[in-house]
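What follows is one structure encoded as structure tokens, with my remarks underneath.
A, B, ... follow the sequence lines: proteins, then strands. Residue 1 opens every chain. No hydrogens, no waters, no symmetry mates; every other heavy atom, side chains included, goes into these values.
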Protein chains: 2
Amino acid sequence: MKMSQLSAASDTPVATIKFYLRENLLPGGERSSPNQARYDAVHLRRIRLIHGLIDVGGLSVAAARRVIEAIDSELPLPETFEIAQRSVSADLDPATIDAGALARVDALLAGWRVSETNPGRLAAASVLETFEEIGHVDHRGWFAGYAAAALLVAEADLDEVDALPGREAKAETVVVGTVLGDALFSGLRRAAQEHVSSLRYSGSADSEPAPSPNRETPTTKE
Amino acid sequence: MKMSQLSAASDTPVATIKFYLRENLLPGGERSSPNQARYDAVHLRRIRLIHGLIDVGGLSVAAARRVIEAIDSELPLPETFEIAQRSVSADLDPATIDAGALARVDALLAGWRVSETNPGRLAAASVLETFEEIGHVDHRGWFAGYAAAALLVAEADLDEVDALPGREAKAETVVVGTVLGDALFSGLRRAAQEHVSSLRYSGSADSEPAPSPNRETPTTKE
DNA sequence: AACTATCGGATAGCGCCGCTGTCTATAGTT
DNA sequence: AACTATAGACAGCGGCGCTATCCGATAGTT
């Protein structure tokens, strides 16, 4: 497969593919002569992954590169996981984060085994700090629902990863799931908000009440 | 409060405040003469809100403006909610979205009352399409866990909004909750991932699954 | 062997975005 | 009167994600 074919198959301009090559998002093709190279299905798939990470997942090119390097590395899964997490989180200096906000996050995370430097913990704390700055305080356990939901999603993520065969597949799923999972969840959350507010405010009159919130497909993790 | 004091209090350069004024993110101060104006606590709070939306929530200036306009409008809550949702979602043309992916989203949303044009539904479909393009298929009900979790969060959101007094407070909470809630959830999700994988892979040996509410000793790394 | 389309590679530039710096005329402060 | 701060207009800047142009070498065709 030549460059032009790769371009057509991936619906990506040649100049952009060259850019990805330059940025080490995409490995070079197999050289057939000093200035010719062949590409294959691996490259095509990789381009689609790049588009997913950047366009759908909203990663920067730099973050996408770190994430892809993590997949390609031969590191054990936990390290890959951690690199993926750090690559997609703003790296916050723990020292700059409000101690009170951190304490409130830790209260939400009570009983969880989470390291002090977990980027999610720090990010959550800075969100709580922002809520407080603009005068929104969680009187009623609002955020406890978020923590419970996060646990549910994390169980689903790990179930999926556990079920996959090799390190490569697990690693890619971890990384892709981390990035795209955020986007998927926020979409589903918007849909759920409409659903719940429709149930509460417009009553169950015009359409069937739909009492069973879940589908026929496999069981949710208990 | 003069401009310089507002700047100091909000930790925002004067030039940036002027920029926010120009961009209509911030209302002008009360004029005391053709080239003097006074600002108050409302302006300060607004600047903090802007920072929250942009820095923590990751909104663009344009999206932040739309969202703020929605709060300030006198529209009824459902309309405000919808504007907020649309303002923070990429607007996808339903026609460009893969029908199969849409069908799979609708399966996840079975029984939910969600309009066809709900931006979250479309966004979720494009995420599923991306998963498929890179060869990740949900064999095991992975995403059903996401839908259940989204429902949980939406209930928590609506509980909070219901408990608040006036339209203004509800509207701001809806909007801020929508934007910052995504960030909060993804942080908590990362923490939960570490927790769950720690439980599963490093066993419950060195530490207990712990009813103990606080983390003085994390030690969980690997 | 000649011809032409395409290739890879390097480099420069572009368009958008979120500010930031500079200027002027005026107002408050001492 | 001297000095500083202000509103408002406008130009510019730095980073990012590409995109366009040029080059010399080659592959495929004749």
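Between D:dT26, D:dA7, C:dT20, one nucleotide has an atom nearer to the side chain of B:Met3 than all others, and that is D:dA7. Closest contact between the side chain of B:Tyr20 and the listed nucleotides C:dC19, C:dT26, D:dC18 involves C:dC19. Of the listed nucleotides (C:dG18, C:dC7, D:dA20), D:dA20 has the atom at the smallest distance from the side chain of A:Ala15.
Checking the phosphate oxygens (OP1, OP2) of C:dG18, no side-chain nitrogen or oxygen of B:Thr16 falls inside 4.0 Å. A sub-4.0 Å separation between OP1 or OP2 of D:dA27 and a side-chain N or O of A:Ser33 is present. Distances shorter than 4.0 Å separate some side-chain N or O of B:Tyr39 from OP1 or OP2 on D:dA7.
In this structure, the CG atom of A:Leu21 is 11 Å from the P atom of C:dA10, given to the nearest Å. Between the CG atom of B:Leu25 and the C1' atom of C:dC17 there is a distance of 13 Å, rounded to whole Å. Atom CZ of A:Arg22 and atom C1' of D:dC16 are 13 Å apart (whole Å). Atom CD of B:Glu23 and atom C1' of C:dT20 are 14 Å apart (whole Å). D:dA9 atom C1' lies 14 Å from atom CG of B:Asn35, rounded to whole Å. Taking atom CD on B:Gln36 and atom P on D:dA5, their separation rounds to 12 Å, with Å as the unit. In this structure, CD1 of A:Ile17 is placed 14 Å from P of D:dA20, rounded to the nearest angstrom. To the nearest angstrom, P of C:dC14 lies 17 Å from CZ of A:Phe19.
Between A:Gln5 and B:Ala62, the residue whose closest nucleotide on DNA chain C is further toward the 5' end is A:Gln5. Closest-nucleotide positions on DNA chain C for B:Ile54 and B:Lys18 were compared, and the one nearer the 5' end corresponds to B:Ile54.
Residue contacts for B:Arg38: at a heavy-atom cut-off of 4.0 Å it reaches no nucleic acid atom on any strand shown. Within 4.0 Å (heavy atoms only), B:Ser60 reaches sugar-phosphate atoms of the nucleic acid but no base atom. Counting non-hydrogen atoms under 4.0 angstrom, A:Ala37 reaches the backbone sugars and phosphates but no base. B:Arg31 comes within contact range of the sugar-phosphate backbone alone, with a heavy-atom separation under 4.0 Å but no base atom that close.
Checked for salt-bridge contact, A:Asp55 and A:Arg48 miss the test: no charged N lies under 4.0 Å from a carboxylate O. Taking the charged nitrogens against the carboxylate oxygens, B:Arg121 and A:Glu194 have no contact shorter than 4.0 Å, which rules out a salt bridge.
Taking the six-membered ring for Trp and thresholds of 30 and 60 degrees, A:Trp142 and A:Phe131 have ring planes more than 60 degrees apart, a perpendicular arrangement.
Among A:Thr173, A:Leu49, A:Leu180, the one residue that satisfies the side-chain contact (heavy atoms from CB on, under 4.5 Å) test with B:His136 is A:Thr173.
Separation of atoms CD1 (A:Ile97) and CD (A:Glu129) is listed at 7.5 Å; rounding is to 0.5 Å.
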